[in-house]
Amino acid sequence: MTAKTALISFQVHGDDRGSLVALEDGHNLPFDVKRVYYIYGTKTGIARGFHAHRKLKQLLIAVSGSVTIKCEYGGQNKEYILDKPNEGLLIDGFVWREMHDFSPDCVLMVLADEYYSEDDYIRDYDIFKQEENL
Ligand code: T46
């Protein structure tokens with residue numbers, strides 16, 4: 001099975017003032033971006049996600065702080081710690097994802113290849129497993 005999750009590193013333009021990362025469609029992003037959202041102020045002990053998408057491609061970047069992303073697809077379980085503003089996790093489509101262990105300063109920015117649509121979500125784990133095995 002083709003990998004549906006992958007870490008991508010971005011070039012850092014650094015100088016004595018600090019650092020800058022640029023993300024551009026058709027250059028260093030794995031898809032054209034239609035939507036950006038960000039998750040922040042997550043309370044201690046709270047986990048988010050617990051769903052899959054039918055088609056959506058997303059790139060998750062912890063631009064501040066850290067978060068653990070748990071992914072499941074094709075019988076594989078993968079865990080990624082995002083803690084670098086110059087690193088993104090690509091999640092391509094049919095992957096069960098959970099977000100855990102947000103640091104208090106975590107700002108998780110997500111780039112997506114489609115507009116928000118609740119129809120693309122599978123929020124029931126049993127349905128995810130059933131559809132995955134079709
Ligand atoms: C994902 C993980 C990584 C919108 O109105 N527009 C949006 O673009 C999004 C993403 C959400 N919403 C609304 C829907 C809910 O009423 O914001 C509320 C919270 O969304 P949700 O509970 O789905 O958030 P998370 O953190 O569980 O999941 C989010 C994304 O929804 C999801 O696509 O992969 O982050």
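These numbers were taken from a predicted model, which means no experiment stands behind them. In each ligand, atom 1 is the first atom listed, and ligand 1 is the first ligand listed.
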Chemist: Atom CZ of Arg48 and atom CZ of Arg97: how far apart are they, to the nearest 0.5 Å?
Modeler: 13.5 Å
Chemist: Looking only at protein heavy atoms, which one is nearest to atom 35 (O) of ligand 1, and what is the separation?
Modeler: Tyr37 OH, 3.3 Å
Chemist: Tell me which part of Phe50 gets within contact of ligand 1: side chain, backbone, both or neither, using heavy atoms under 4.0 Å.
Modeler: neither
Chemist: Can you list the atoms of ligand 1 that are under 4.0 Å from a heavy atom of Tyr121?
Modeler: 10 (C), 23 (O), 30 (C), 31 (O), 32 (C), 33 (O)
Chemist: Is Phe50 atom CZ crowded by more than 12 heavy atoms from other residues, nucleotides or ligands, each under 6.0 Å away?
Modeler: yes
Chemist: Where do Trp96 and Ala52 come nearest, in terms of heavy atoms and distance?
Modeler: CE3-N, 3.8 Å
Chemist: For atom 28 (O) of ligand 1, which protein heavy atom lies nearest, and how many Å away is it?
Modeler: His51 CE1, 3.2 Å
Chemist: Would Gly49 count as being in polar contact with ligand 1, using the rule that some N or O on each side must be under 3.5 angstrom apart?
Modeler: yes
Chemist: Should the proximity of Arg35 to ligand 1, defined as any heavy atom under 4.0 Å, be assigned to the side chain, the backbone, both, or neither?
Modeler: side chain
Chemist: Heavy atoms only: which of Gln58, Arg123, Arg48 lies closest to atom 23 (O) of ligand 1?
Modeler: Arg123
Chemist: Quick one: does Glu118 get a heavy atom under 4.0 Å from ligand 1?
Modeler: no
Chemist: Could you go through the side chain to side chain contact (heavy atoms under 4.5 Å, CB included) check for Ile69 and Ile91 one step at a time?
Modeler: CA-CA 10 Å; Ile69 313 291; Ile91 304 183; 4.2 Å; yes
Chemist: Below 4.0 Å, non-hydrogen atoms only: which portion of Ile39 touches ligand 1? Side chain, backbone, both or neither.
Modeler: side chain
Chemist: With no hydrogens and no angle check, do the side chains of Tyr116 and Glu114 hold a donor and an acceptor under 3.5 Å apart?
Modeler: no
Chemist: Strictly inside 4.0 angstrom of atom 17 (O) of ligand 1, do you find any protein heavy atom?
Modeler: no
Chemist: What protein heavy atom lies closest to atom 11 (C) of ligand 1? Include the residue and the distance to one decimal.
Modeler: Tyr116 CE1, 3.7 Å
Chemist: If you draw a 6.0 Å radius around NZ in Lys55, do more than 12 non-hydrogen atoms from other residues or ligands fall strictly inside?
Modeler: no
Chemist: Could you say whether the N/O atoms of Arg97 and ligand 1 ever approach to under 3.5 Å?
Modeler: yes
Chemist: Without hydrogens or angle criteria, can the side chains of Gln130 and Tyr125 be said to hold a donor-acceptor pair below 3.5 Å?
Modeler: no
Chemist: Taking atom types as modelled, is there a side-chain donor on Gln58 or Tyr37 under 3.5 Å from an acceptor on the other?
Modeler: yes
Chemist: Tyr80 and Thr68: side-chain donor and acceptor closer than 3.5 Å?
Modeler: no
Chemist: By number and element, which atoms of ligand 1 are closer than 4.0 Å to a non-hydrogen atom of His53?
Modeler: 32 (C), 33 (O), 34 (O)
